[in-house]
Amino acid sequence: MKNSLSRRDILQGLITSTVVIGFDTVCRSWVTHANAAELFVNLPDLDGVLYTDDATREKAADDFGHLVRHYPKAVLKPGSINDIVKIIRFARNYNLKVAARGQGHTCYGQAQVENGVVIDTSTLNKIHNINTLQVVVDAGVRWSELLQATLPQQLTPPVLTDYLELSIGGTLSNGGIGGAAHRYGVQVDNVLELQVVTGEGELLTCSFYKNRDLFEAVLAGLGQCAIIVRATVRLIKAFANARVFLLDYDDLATFTRDQRLLIDSERFNYVEGQIVSKQDGGWRYLLEAASFYTPPLEPDNTRLLASLSYTKGSEKIEDKSYFDFLNRLAPTVAFLKSIDVWSNPHPWINLFVPATAVDQYISEVVSTLTLADTGNSPVLLYPVKTNRFTLPLFRVPNEQIAFLFTILRTAPPNDDTTKVRMLNDNRKLFERNRDLNGTRYPVDAIAFSQEDWQQHFGRTWSKLVNAKRRYDPARILTPGQSIFSLLKKS
Ligand SMILES: Cc1cc2nc3c(=O)[nH]c(=O)nc-3n(C[C@H](O)[C@H](O)[C@H](O)COP(=O)(O)OP(=O)(O)OC[C@H]3O[C@@H](n4cnc5c(N)ncnc54)[C@H](O)[C@@H]3O)c2cc1C
């Protein structure tokens, strides 16, 4: 059950003399050898390290959004699943809040805990067992690592996110959407079993057949009832290559109609799309579709493109290896890092727009949208079939088709005015979409009250509340989502 912590990690803990030996329940601070007072409670023996140094806490107080900061008292780098059990029991006893942090790629403090303990799952990093149907994997493993482990056996998870450097636990707490979702649902729909540690510090296994209420409260459950420590993820046969088609549209209604036609016929393995700025101002639309294949068999381009109404002659067709296609953002991310833009603030907005409203809603949005609003960053728009989604807490509009609409905004550094304007715009766009019966994909940056959450979860709100009362009655888990701040303790 032990996971490897690097010697560097352990040494760093020792050198900073922050090896925590206990907790002073009066001052509510950690006790180290250096500052040991007479009265304190002993920290349980850990296989990993509990860090209290400023640099580690600073990192855990930030995320990809760089919009809010909540400083934890300590960061656990677990050396085993048992460490998580021990720390959660300890935290529960001394009323400390706890949140798991995968790669910290949410945008609005979702993995942060003011004065509490962040569990950095990146040290839970083993891929255990791969067979033709499934893989058992620790929550801290990144999807890129999992894919690199399954591909040599010509196997792949059915759905992957656009960016692969996200943790298994992080996306399974949210959903995990990508261009194959119209066929296979989101990543949570492809989980067969989970091992979790509840807010009571109980290590439990859950699946559709065992502890189903817990399984359904954890998948897309925003970390509210348990920390995912291990997942069994479904695998399917992987193809060797992807043929990628990029098709231009001037007209929104034609674009969304063709996207719908493609997901309806399932001619492609992957369908997404973008709203792209025109050189002379305004917006055009780019349909992205991919057909996976293994030579000598090849996709039939004529059949794939039949009856589509893109701007003829605009099509770009390219073959890539399956891995390079899935990992297609890596070069862009490397470039953005090299010019220091990757670390800028990201007031992202992610919504699901009902298909019946999408043309009206997006027309309204793009009529005033400028590059200053997006920070010259991508705007995504693509459809999914809602009957592929099986988990109650993954909230989408009550229609057969919904469109994921995201503005991946980048704000300039040190420019609070722009950040605030973008956040206000997010709220306005969210409310307009909500009025049209749309929903939010909550990995983004939108100020949300408990009333908003209740409305978001709709008929599943009571299910979540009951699960919270059962599995995290002291409400210590994942306060950064601000879902249960006002709920009376049971
Ligand atoms: C560049 C980029 C591209 C993205 N592309 C996509 C995409 O294509 N599709 C998509 O669906 N999303 C996408 N996202 C959003 C992403 O899925 C979420 O932000 C996801 O939560 C990130 O995983 P993480 O490991 O960084 O999670 P974190 O940000 O670390 O955590 C997110 C939330 O999950 C909780 N959590 C983390 N680990 C666990 C665990 N083990 N158990 C319980 N709760 C846990 C945290 O407490 C927090 O509340 C993208 C984000 C970025 C920055």
Side-chain angles (χ1 to χ4, degrees), residues 59-60 62-66 70 72 78 81 84 88 97-113 116-125 137-144 159-181 185-188 194-199 217-231 270 272 326 328-330 332-333 336-337 342-344 346 348-350 352 377-378 380 382 384 394 404 406 408-410 441-445 471-472 476-483:
K59 194 171 165 221
D62 197 9
D63 57 31
F64 186 75
H66 310 298
H70 298 292
I81 288 174
I84 297 181
I88 289 188
K97 306 256 183 221
V98 178
R101 175 189 167 99
Q103 292 294 315
H105 275 31
T106 29
C107 295
Y108 213 42
Q110 286 93 331
Q112 298 177 20
V113 199
V117 181
V118 167
I119 299 176
D120 174 350
T121 62
S122 63
T123 51
L124 279 188
N125 56 7
V137 58
D138 283 353
V141 170
R142 284 172 284 127
W143 288 96
S144 61
V159 188
L160 287 147
T161 47
D162 294 345
Y163 184 53
L164 298 179
E165 307 310 324
L166 308 168
S167 76
I168 307 284
T171 69
L172 295 188
S173 302
N174 286 288
I177 193 163
V186 273
Q187 288 177 324
V188 290
L194 291 175
Q195 243 186 308
V196 304
V197 182
T198 68
V218 172
L219 290 172
L222 308 178
Q224 293 308 301
C225 295
I227 305 288
I228 301 168
V229 291
R230 201 168 278 178
Y270 162 104
E272 290 199 7
L326 293 172
R328 64 199 171 279
L329 287 193
T332 309
V333 171
L336 293 175
K337 282 184 178 169
W342 189 245
S343 55
N344 281 4
H346 293 110
W348 284 11
I349 176 166
N350 293 45
F352 285 108
S377 296
L380 308 185
Y382 64 87
V384 286
F394 186 71
L404 178 75
T406 82
L408 307 178
R409 304 182 199 267
T410 306
Y441 182 40
V443 294
D444 57 359
Y471 294 108
D472 181 26
I476 63 167
L477 291 183
T478 324
Q481 299 279 7
S482 309
I483 298 178

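Bear in mind the structure is a predicted one, so any value in this text is a computation, not a measurement. We use all heavy atoms of the structure for the numbers below, so side chains are in, but hydrogens, waters and symmetry mates are not. As the structure lists them, so they are numbered: ligands from 1, and atoms in each ligand from 1.
There is a side-chain donor-acceptor pair under 3.5 Å between Gln112 and Asp63. In this model, a donor atom of one side chain and an acceptor atom of the other lie less than 3.5 Å apart for Tyr270 and Glu272. At a cut-off of 3.5 Å, with distance as the only test, no side-chain donor of Thr406 or Trp348 sits close to an acceptor on the other residue.
Taking the six-membered ring where the residue is Trp, His66 and His346 present tilted rings, their angle falling between 30° and 60°.
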Would you mind listing each N/O atom of ligand 1 next to any protein N/O under 3.5 Å, plus the distance?
from     : atom 1 : to     : atom 2 : distance (Å)
ligand 1 : 8 (O)  : Asp162 : N      : 2.7
ligand 1 : 8 (O)  : Ile177 : O      : 3.4
ligand 1 : 9 (N)  : Ile177 : O      : 2.7
ligand 1 : 11 (O) : Ile177 : N      : 2.7
ligand 1 : 11 (O) : Tyr441 : OH     : 2.6
ligand 1 : 19 (O) : His105 : O      : 3.2
ligand 1 : 19 (O) : Thr106 : N      : 3.4
ligand 1 : 21 (O) : Gly170 : O      : 3.3
ligand 1 : 21 (O) : Asn174 : ND2    : 2.9
ligand 1 : 25 (O) : Gln103 : N      : 2.8
ligand 1 : 25 (O) : Ser167 : N      : 3.0
ligand 1 : 25 (O) : Ser167 : OG     : 2.6
ligand 1 : 26 (O) : Gln103 : N      : 3.3
ligand 1 : 26 (O) : Gly104 : N      : 3.1
ligand 1 : 26 (O) : His105 : N      : 2.7
ligand 1 : 29 (O) : His105 : N      : 3.0
ligand 1 : 29 (O) : Thr106 : N      : 3.0
ligand 1 : 29 (O) : Thr106 : OG1    : 2.6
ligand 1 : 30 (O) : Gly102 : N      : 2.7
ligand 1 : 30 (O) : Gln103 : N      : 3.4
ligand 1 : 30 (O) : Gly104 : N      : 2.9
ligand 1 : 41 (N) : Ile228 : O      : 2.9
ligand 1 : 42 (N) : Ile228 : N      : 2.8
ligand 1 : 44 (N) : Ser173 : OG     : 2.9
ligand 1 : 47 (O) : Ala100 : O      : 2.6
ligand 1 : 49 (O) : Gln110 : O      : 2.8
ligand 1 : 49 (O) : Gln481 : NE2    : 3.0

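Among residues at least two apart or in separate chains, salt bridge (charged side-chain N to carboxylate O under 4.0 Å, His left out) pairs with a member in residues 165-176 are Arg142-Glu165.
Salt bridge Asp138/Arg230: present, at least one basic N to carboxylate O contact under 4.0 Å.
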